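Fair warning: this is a prediction, and the values are worked out from it, not measured in the lab. Remember, it's 1-based here, ligands and their atoms both numbered in the order they're listed.
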Amino acid sequence: MDKRVFSGIRATGRLHLGNYFGAVKGMLELQDKYDCIFSVVDLHTITTPFEPKTLQKKIREVVLDYLAAGLDPHKCHLMIQSQVPEHLELAYLLSTVYPVSRLEDLPTYKDKKLQHPDYVNLALLYYPVLMAADILVYKAELVPVGLDQEPHIEIAREIARKFNRMFPDGTKDHVTFPEPQRFITKEEYVPSLLGSGKMSKSVEGSFILLADDQATIKKRLAAAPTDKGFGKDIPQEGGVANLLKMVEIFQGQDKRAKYEQKYLSTGINYRALKEDLANGIYKVLAPIQEKRKYYEAHPALVEGALRDGRDYATKIASQTLMEVKQKMGLLA
Ligand code: TYM
């Protein structure tokens, strides 16, 4: 059997360059090789404040961005998490093998608590267990996600290991769950335009969207902090370091080296750098935006892909669930 791959993105609106380079690029690479299921994880979306009225629209935005970026329904399966309730059922069963204290210690949980102090709910704590179930319900071995998700993948591995140990099936080599690994892309961490932290949807000014036009990209880059343009050492962190990183990603290592040379000698003209970088970014995004228009104009194609994805995913997920219930003694 082909190796199986699973990944998902929350429905918090349109995708940004961090999502693209950290997660979607990996999905694109793997859809050509393996049995892939890619999801919009709407049940994870509702762990932080959200608007019921716009949730369906936001789910659709992610699906369209997936397709626009090149996920091909002939090569992979696209599905909406809540349409396959086996994820939830498995999450409950797996939660019985995992300690609460480990979940409370998780940096992502602590960050979210700080970000939304009035919205600290049980599902937020449970988030990594549901994420483990998303992956394990398909017995996926590879998970294309960015660097920030590594602690969650580690929890999925711990849960798999513990379940396999607690509920062996008696045969020597067989285990229920493989231990999933993160599939690492070349750019597993895209920095914020603001000079500190990662590019993130929840930090205004930090991101560029896949859907941004040339003028918007220019505007966003124009607001990125810089310095006087020259110095004795190339900055390793902050606004300039992040701009140089973007140059490297979109315009290549040689161009970056040229700017570095300038920084150490005559100085960088940031206005020109940003202008040039904006053009470089738009060149990558323009074909994605073209493709998005195509799918926007053909909703039946999108619906069809989601239906097929749901059916395919349900078949696998229900088999896993039967096996798990059998091992736990829940089936007569
Ligand atoms: P979410 O929606 O927060 O993030 C989506 C994906 O984008 C990646 N990412 C980045 N990568 C590099 N640089 C950045 N600046 C950057 N910002 C975001 C994230 O690493 C992520 O891959 N917990 C998941 C959703 C999820 C999931 C799953 C993923 C739920 N169940 C099962 C895989 C498998 C998340 O936070 O997505």
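Side-chain polar atoms of Ser196 and Glu237 form no donor-acceptor pair below 3.5 angstrom. Looking at Asn279 and Gln214, their side chains do bring a donor and an acceptor atom within 3.5 Å of each other. A donor atom on one side chain and an acceptor atom on the other are found under 3.5 Å apart for Lys327 and Thr176. Side-chain polar atoms of Tyr270 and Asp227 form a donor-acceptor pair below 3.5 angstrom. Using a 3.5 Å distance cut-off with no hydrogens or angles, the side chains of Thr216 and Asp213 do pair a donor with an acceptor. Donor-acceptor pairing under 3.5 Å is recorded for the side chains of Asp35 and Tyr312. Looking at Tyr109 and Glu104, their side chains never bring a donor and an acceptor atom within 3.5 Å of each other. For the residue pair Tyr259 / Asn269, no side-chain donor-acceptor distance below 3.5 Å is found, with atom types taken as modelled. Side chains of Tyr138 and His77: a donor-acceptor N/O pair is absent below 3.5 angstrom, by distance only.
Looking at atom 2 (O) of ligand 1, its nearest protein heavy atom turns out to be Arg10 N, 3.0 Å. In this structure, the protein non-hydrogen atom closest to atom 4 (O) of ligand 1 is Asn19 ND2, 3.9 Å. Of the protein's non-hydrogen atoms, Asp148 OD1, 3.4 Å is the one closest to atom 19 (C) of ligand 1. Nearest protein heavy-atom contact of atom 10 (C) of ligand 1 is Gly18 O, 3.3 Å. For atom 28 (C) of ligand 1, the nearest non-hydrogen atom of the protein is Met131 CG, 3.4 Å. Among protein heavy atoms, the minimum distance from atom 24 (C) of ligand 1 is reached at Gln149 OE1, 3.3 Å. Protein heavy atom nearest atom 29 (C) of ligand 1, with residue, atom name and distance: Gly8 O, 3.3 Å. Given atom 13 (N) of ligand 1, the protein heavy atom at minimum distance is Val190 N, 2.8 Å.
For ligand 1, the atoms lying closer than 4.0 Å to a non-hydrogen atom of Glu188 are 11 (N), 12 (C), 13 (N). Listed by number with element, the atoms of ligand 1 under 4.0 Å from a non-hydrogen atom of Val143 are 33 (C), 34 (C). Here is the list of ligand 1 atoms found below 4.0 Å of a heavy atom in Tyr189: 12 (C), 13 (N). The contact set between ligand 1 and Ile9, taken as ligand atoms under 4.0 Å from a residue heavy atom, comprises 2 (O), 5 (C). Atoms of ligand 1 lying under 4.0 Å from any heavy atom of Ile135, numbered from 1 in the order shown and given with element: 32 (C), 34 (C). For ligand 1, the atoms lying closer than 4.0 Å to a non-hydrogen atom of Gly146 are 11 (N), 19 (C), 20 (O), 22 (O). In the vicinity of Asp134, heavy-atom distances shorter than 4.0 Å reach the ligand 1 atoms 28 (C), 30 (C), 31 (N), 32 (C). Atoms of ligand 1 found under 4.0 Å from any heavy atom of Phe6 (numbered from 1 in listed order, with element): 32 (C), 34 (C).
In this structure, Glu296 pairs ionically with Arg292, as a charged nitrogen and a carboxylate oxygen lie closer than 4.0 Å. Taking 4.0 Å as the cut-off between side-chain N and carboxylate O, Asp42 and Arg10 do not count as a salt-bridged pair.
Contact analysis leaves Ser200 out of contact with ligand 1, as no non-hydrogen atom separation drops below 4.0 angstrom. Residue contact check for ligand 1: Lys201 places no non-hydrogen atom closer than 4.0 Å to it.
Counting heavy atoms under 4.0 Å from ligand 1, residue His44 touches it through the side chain alone. At a heavy-atom cutoff of 4.0 Å, ligand 1 is contacted by no atom of Leu130, backbone or side chain. Contact annotation: for Tyr127 versus ligand 1, heavy atoms closer than 4.0 Å belong to the side chain alone.
The distance criterion of under 3.5 Å between nitrogen or oxygen atoms is not met by Pro144 with respect to ligand 1.
How far OG1 of Thr48 is from OH of Tyr127: 8.0 Å, rounded to the nearest 0.5 Å. One distance of note links CG of Leu264 with CG of Asp233; it measures 7.5 Å at 0.5 Å rounding.
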